[in-house]
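I have placed the structure first, in the form of structure tokens, so that the comments after it can refer back to it.
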Amino acid sequence: MTGRDHARVPTQLGSLLEVNGVSKRFAGIQALGGDDGLSFQIDRGSFVGLIGPNGAGKSTLFNLLTGVLPADAGTIVFEGNDITAASSHQRAEHGIGRTFQTPRTFESLTVLDNVVVGATSPGERLRSALGRKWRRHEAGLVEQARDILDQVGLADRASEPVGDLSGGELRMLGVARQLIRRPTLLLLDEPTAGVHPLLQDRLADLLAGLHRQGMTLVVVEHNLHFLLAIAEHILVLTQGRLLAEGPPSHIRGDPAVVSAYLGEDHAA
Amino acid sequence: MNWPQLLITVATIGSIFGVVTLALNLQYARGGMINFGIVAYFAVGAYTYAIITQPPPKGLDQYAFGLDWPWWAGFLLAGIAALGFAALTGWPTLRLRGEYLALTTFAFAEVFHSFLLNERRIGNGTVGLSNVHRPFGDWGPIEEKYVFAGAAALLLIVTLAAFRQLLASPYGRALDAIRDDEVAAQSSGKPSADMRRQVFLISAVPVGLAGAVYAMFTTLAQPSLFTAEVTFVVWIALVLGGERSVYGAMLGAFGLVFFEEVVRALPFETVRSAQIAASVEHIITGVLFIAVLRYQPFDRIQRKVRAST
């Protein structure tokens, strides 16, 4: 760890993601990063919780990491490669997966196809699409997608249009679509919002399982009860800056964090 | 009314416009791109075919080029020229979305139309190129008009088969995802800009080939044949037939061409009554267009089919 504005989330496996001096302004207002920008590192195989009050810059940070928005300054290094200028789909190909704060789905596709489309199929290349070789690969993808839907509790909804799913189910579908990609780094934006408590337990088990398998996870969550129980390290953002970081037990009692969430009176 | 002649004309023109409607279906319904200048790619195919196959200029001819190459060279180059034109126009326009893309493609087509009207050395200006080479004569006992209808239908079938294969593949699924939510598709590794560009380019090829067949059929490549009206007729065909399926797009093209040809074939006693019929034809087409947009019967049919399965 290298200070409040340059944290390192430690594991034994080395750095996976390095964010160096990244900042973002919207209409002249600083949304992320102070004067020196935001800097932190996330090590391979870690399970990080990213918390902060509304408007702290959590989703903006995800958008910068995944290339949905360009950073105004700073660099982002993933697995040793500078991906600052890489497009969103290139970052996904590098192994960064994400879900969104507001679930984003493909309305014209069934639930099953919403998961299958998350994978990169050989049939997505123009030349291969006109042939038949992709069909063999496709059967495997469909089977994989069914397994994942089973894991997120949507197995019996596979053939339905996504419009029939509830808000919580759509969130689970977003997670499922990323799982079929097997990303190296998975960024989840409020995965439990609107999700039934039983499904939340299932999601917690699923994320713990992915973590055990070596996937690096960064989870933005307002449900601190959920997050502090499963994450091994917490980063706290407020007003676009890194306010605190450390293990959940340390964060729970940090007056600065309590103050940022609940106001000065509660922190006292 | 000469029904056999009418039906053979509908089969030929319907197939030609069916190809253009299929291309528009691919660009719009699957690729999410609004192309209001599709007539330009059609015209590029027609003019390319005419220029490649016509004899060199002589006497009073104002055009400067005529290669006198065989029909198949003109046909293939018509597709390649449309592809090249799509690359040229797609490069600056495909960064745009929705109505902005519609406006720029429309503007490109209008500029190209104006170019055809005014540039005599390429396409002979407003007069255009006439006596365009017709490659198919009578095949034994089969009359030329049937051979033409067969050739146009073959182009439609090949286009349909290729597009169906493409859209039923993971490529088509990725296209649907990009159209539904581009940001989410990119986050799943879909190169949306590249795929859009590919769709724009590959769909231009059959449009260019259809333009070549149209020039063969009419033996003309004139600016008056390639006005914005062609674009809107194809769009109406797409909407009437139902943009969601390739068969709907084809059906719309054939239905509209059939309707137009029937009105044209009606025997009229006076010029005035023929003029009224032509106006009524446009009014009915417009009313049908509005009714389809208002009541969206194809979406209802799809919902019913989905519910029954």
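Since the structure is predicted, the reported quantities are computational estimates derived from the model, not experimental observations. In what follows, chains are A, B, ... by sequence order, proteins preceding strands, each numbered from 1.
Of the atoms belonging to A:Thr105, it is backbone heavy atoms, and not side-chain ones, that fall under 4.5 Å from chain B. Contact of B:Gln165 with chain A is made through backbone and side chain together, with heavy-atom distances under 4.5 Å. There is no contact between A:Gln90 and chain B, counting heavy-atom distances below 4.5 Å.
When B:Gly172, B:Ala174, B:Ala168, B:Ala177 are compared by the number of non-hydrogen pairs under 4.5 Å with chain A, B:Ala177 comes out ahead. Ranked by heavy-atom pairs under 4.5 Å with chain B, the list A:Ser159, A:Gly123, A:Gly174 is led by A:Gly123. Comparing B:Met195, B:Arg173, B:Arg179 by heavy-atom pairs within less than 4.5 Å of chain A, the highest count is held by B:Arg173. Most heavy-atom pairs under 4.5 Å with chain A, from the set B:Ala162, B:Ala185, B:Ala193: that is B:Ala185. The candidate with the highest count of non-hydrogen atom pairs below 4.5 Å against chain B, out of A:Arg177, A:Arg132, A:Arg181, A:Glu93, is A:Arg181.
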After noting the C-alpha distance and the side-chain angles of A:Ile230 and A:Phe47, does the key distance pass the side chain to side chain contact (heavy atoms under 4.5 Å, CB included) rule?
CA-CA 8 Å; A:Ile230 56 172; A:Phe47 192 146; 3.6 Å; yes
Which is it for B:Ile202 and B:Leu166 under the side chain to side chain contact (heavy atoms under 4.5 Å, CB included) test, yes or no, and what are the steps along the way?
CA-CA 11 Å; B:Ile202 58 173; B:Leu166 194 65; 3.5 Å; yes
Derivation of the side chain to side chain contact (heavy atoms under 4.5 Å, CB included) call for B:Val239 and B:Phe289
CA-CA 7 Å; B:Val239 173; B:Phe289 186 67; 3.6 Å; yes
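Contact annotation for residues 58-83 of chain A against chain B (heavy-atom separation below 4.5 Å, listed by residue number): A:Val68. Close approach to chain B, defined as a heavy atom under 4.5 Å from one of its heavy atoms, is seen in no residue of residues 148-155 of chain A. Using a 4.5 Å cut-off between non-hydrogen atoms, no part of residues 16-47 of chain B approaches chain A.
Ring geometry, B:Phe136 versus B:Trp71: the interplanar angle exceeds 60°, so the pair is classed perpendicular (tilted spans 30 to 60°).
Residue B:Ser15 comes nearest to B:Ala11 through the heavy atom pair OG-O, 2.6 Å, listed as atom of the first residue, atom of the second, then distance.
Take B:Glu182 and apply the side-chain contact (heavy atoms from CB on, under 4.5 Å) test, not counting sequence neighbours, and it matches B:Arg97, B:Ile178, B:Gln186, B:Ser192, B:Arg196.
With a 4.5 Å cut-off on side-chain heavy atoms, A:Arg182 and A:Met215 count as touching. A:Asn223 has its side chain within reach of A:Gln200: a pair of non-hydrogen atoms, C-beta onward, lies under 4.5 Å apart. Residues A:Leu130 and B:Tyr171 are not in side-chain contact: their nearest non-hydrogen atoms beyond the backbone lie 4.5 Å or more apart. Side-chain contact check for B:Met216 versus B:Phe75: some heavy-atom pair is nearer than 4.5 Å. Counting heavy atoms from C-beta on, the side chains of A:Leu199 and A:Leu203 never come closer than 4.5 Å.
A side chain to side chain contact (heavy atoms under 4.5 Å, CB included) with B:Pro170 is found for exactly one of A:Arg135, A:Glu138, A:His137, namely A:Glu138.
With hydrogens and angles disregarded, no donor-acceptor distance shorter than 3.5 Å links the side chain of A:Arg171 to the backbone of A:Gly194.
Of the N and O atoms on the side chains of B:Tyr247 and B:Arg164, at least one donor lies less than 3.5 Å from an acceptor on the other residue.
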